[in-house]
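I have placed the structure first, in the form of structure tokens, so that the comments after it can refer back to it.
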Amino acid sequence: MSGPDLATLVPDHDRLERDLTELATYVDPDAPGWTREVFSDPYRAARDWVRRQMVDAGLETTVDAAGNVVGRLVGAGSGKPLVTGSHTDTVHGGGRFDGVVGVVGAIELVRRLRETGTELTHDLVVCDFLGEEANEFGLSCMGSRAIAGVLGAEHLDRRDGGGRRLGDAFERFGTDPEGALRLAWAPGSVHGYVELHVEQGPLLERQGVPIGVVTAIAGIERLLASFSGRADHAGTMPMGERRDALAAAAQAVLSVEREGCGAPVHGVATTGRIESGPGAFNVVPDHARVWAEMRSIDAEWLSGAKGRIAEQIASDAAERGVEVVLEWLNDQAPVPTDPSIQDVIGAAADDLGVPWSAVPSGAGHDAAHMAHLGPMGMIFVPSRDGRSHCPEEWTDLADLATGVHALGATLLRLDAWSPS
Ligand code: GLV
Ligand code: MN
Ligand code: MN
């Protein structure tokens with residue numbers, strides 16, 4: 001491709017490393033790993049840090065009603081913006097790279113564009129979206145949902161385990177929940193959205209390929225199953241006469257796992273949490289709850305899995321005389337990335353002489369919601385041993401830099417691209 005010299009856009013490795021290291025200092029000192037959960041004090045401090053980096057990089061920076069930190073590099077022409085970004089919240093006990101890479105990588109790219117005098121025609125908007133990770137309110141991607149116009153009043157009425165309302169949590173954090181409901185950018189108002197992210201799985205490392213072009217983002221179905229049985233003396237009640245809620249819940253855990261193991265394409269099923277009571281050695285448990293989820297890029301498998309799991313759990317519980325209530329929470333449907341953007345990312349990697357491979361995303365991303373606003377794509381970089389959502393999460397600096405470079409090459413191509 002003729003145009004700007006791509007070699008000049010190589011990110012500054014030291015700056016990238018410094019940014020990752022600095023951002024990693026904003027964590028909960030009393031929690032494991034790198035914990036920076038949404039609405040927490042370290043999260044607030046980290047976002048101030050992100051805002052300062054955006055301002056210093058030359059971005060016109062605002063914090064919108066939903067708490068997204070949004071920086072704009074004004075382009076030479078008019079028209080719809082190019083948008084990139086990701087998130088800086090983490091799961092409890094999480095790592096340093098999930099989401100962070102797409103934010104600090106985009107800021108470093110802006111620095112390189114300005115330092116090399118590379119002017120885009122389109123505005124380039126960089127977002128640090130509020131609260132991407134699933135939280136105690138059972139909602140992920142809160143900031144990008146607001147921008148995409150899919151955050152509803154019913155979401156703000158959700159309550160966490162302590163009975164606190166999500167809308168009130170927004171307010172306490174200094175954001176404007178009512179304003180967030182009116183924030184929506186117009187459908188079709190984005191020229192192209194591209195998010196750089198760590199893969200969080202093992203495919204790229206196993207293939208020895210530094211860049212992944214994401215084909216689709218998995219859909220997620222979440223299940224809260226509540227079991228009610230009967231408390232009895234654990235020493236005296238005969239085995240065949242019990243109504244053991246925890247045993248029914250344990251069977252549900254295995255049914256969920258079995259469904260994931262039997263998935264024909266990309267499909268996974270996980271129980272992330274189980275609780276039961278009264279919780280003594282010598283009492284048969286009378287209640288239990290199970291939090292589980294299924295994910296796949298295949299909508300048909302996902303809805304089939306949902307039905308099969310519901311049936312299995314209900315019939316296993318009934319055999320034990322245990323009642324079960326199943327509450328389903330759809331997080332998102334599978335979202336394919338735009339084929340044209342996939343082509344552009346592949347061509348950009350070719351421009352850099354970097355091997356790439358097409359991969360699905362088993363993780364959820366803000367990109368899934370930004371797809372409401374315009375053509376969307378994602379660039380992955382390898383995760384060591386496929387580990388993520390744990391302190392061991394790691395991506396080599398060289399791979400991160402390749403990802404930032406590929407993001408730059410992609411955005412330059414998209415700047416000159418018109419959708420057909
Ligand atoms: C977010 O990281 C998710 O996939 O749950
Ligand atoms: Mn993420
Ligand atoms: Mn995550």
Side-chain angles (χ1 to χ4, degrees), residues 20 23-24 27 31-38 40 43 46 50 68 84-106 127-145 193-204 212 214 216-223 260 266-273 291-297 302 329-335 337 359-371 376-383 386-395 400 403 407:
L20 287 163
L23 188 47
V27 287
W34 281 264
T35 298
R36 189 168 50 244
E37 290 174 281
V38 69
S40 66
Y43 184 53
V50 168
N68 299 301
T84 186
S86 196
H87 62 99
T88 52
D89 62 318
T90 71
V91 295
H92 188 86
R96 280 160 283 184
F97 298 87
D98 175 2
V100 165
V101 163
V103 176
V104 302
C127 296
D128 178 5
F129 297 107
L130 183 97
E132 188 267 359
E133 300 290 1
N135 52 37
E136 287 293 306
F137 302 92
L139 192 68
S140 58
C141 301
M142 297 188 291
S144 52
R145 281 180 203 263
Y193 175 83
V194 183
E195 179 168 343
L196 173 66
H197 205 284
V198 289
E199 185 203 341
Q200 309 180 266
L203 301 178
L204 293 175
V214 176
I217 299 171
I220 307 175
E221 294 284 356
R222 295 208 161 107
L223 168 65
H266 170 262
V268 288
T270 309
T271 301
R273 183 167 160 191
W291 284 255
E293 61 161 49
M294 287 115 247
R295 298 190 185 205
S296 180
I297 57 169
L302 203 52
L329 217 55
N330 173 274
D331 186 82
Q332 65 179 59
V335 179
T337 58
V359 290
S361 172
H365 297 289
D366 293 301
H369 301 288
M370 293 303 285
M376 174 278 287
M378 287 193 76
I379 300 171
F380 274 176
V381 286
S383 294
R387 305 286 310 279
S388 185
H389 282 186
C390 57
E392 292 79 10
E393 182 180 84
W394 183 263
T395 298
L400 292 175
L407 176 66

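Ligands are counted one by one from 1 in listed order, and the atoms in each one are counted from 1 as well.
Shown here are the salt bridge (Lys or Arg N to Asp or Glu O under 4.0 Å) partners of Glu392, two or more places apart in sequence or in another chain: Arg387. Partners of Glu221 under the salt bridge (Lys or Arg N to Asp or Glu O under 4.0 Å) rule, at least two apart in sequence or in another chain, are Lys306. Residues passing the ring-ring contact (aromatic ring centres under 6.0 Å, His included) test with Trp291, sequence neighbours excluded: none.
Residues Glu133 and Asp89 approach most closely at N-OD2, 2.9 Å, considering heavy atoms. Nearest heavy-atom pair, Val335 versus Ala371, reported as atom, atom and distance to 0.1 Å: CG1-CB, 4.0 Å. When all heavy atoms of Val214 and Thr337 are compared, the pair lying nearest together is O-OG1, 2.6 Å.
In this structure, Asp98 and Gln200 have side chains that are in contact, with non-hydrogen atoms separated by less than 4.5 Å.
In this structure, His389 counts as a contact residue of ligand 1, since one of its heavy atoms falls inside 4.0 Å of the ligand.
Side-chain atoms of Glu199 and Ser383 include no donor-acceptor pair closer than 3.5 Å. Counting only N and O atoms by type, the side chains of Ser388 and Glu393 include a donor and acceptor under 3.5 Å apart.
Ligand-side atoms of ligand 1 in range of Glu133: 1 (C), 2 (O), range being under 4.0 angstrom from any heavy atom. In summary, the atoms of ligand 1 found under 4.0 Å from a heavy atom of Glu132, numbered by their order in the structure, are 1 (C), 2 (O). If you number the atoms of ligand 1 from 1 as listed, the ones under 4.0 Å from a heavy atom of Gly364 come out as 1 (C), 3 (C), 4 (O). Atoms of ligand 1 found under 4.0 Å from any heavy atom of Ala363, numbered from 1 in the order shown, are 4 (O). Every atom of ligand 1 is numbered from 1 in the order shown, and the set under 4.0 Å from a heavy atom of Arg295 is 3 (C), 4 (O), 5 (O).
Under the 30°/60° scheme for interplanar angles, the aromatic rings of His197 and His365 are found to stand perpendicular.
Of the N or O atoms in Gly362, none lie within a sub-3.5 Å distance of an N or O in ligand 1.
Around the Mn ion (ligand 2), the protein N, O or S atoms closer than 2.8 Å are His87 NE2, Asp98 OD1, His197 NE2, listed by chain and residue number.
Within His389, NE2 is the N, O or S atom that lies nearest to the Mn ion (ligand 3).
Counting heavy atoms closer than 4.0 Å to ligand 1, residue Gln332 contributes nothing at all.
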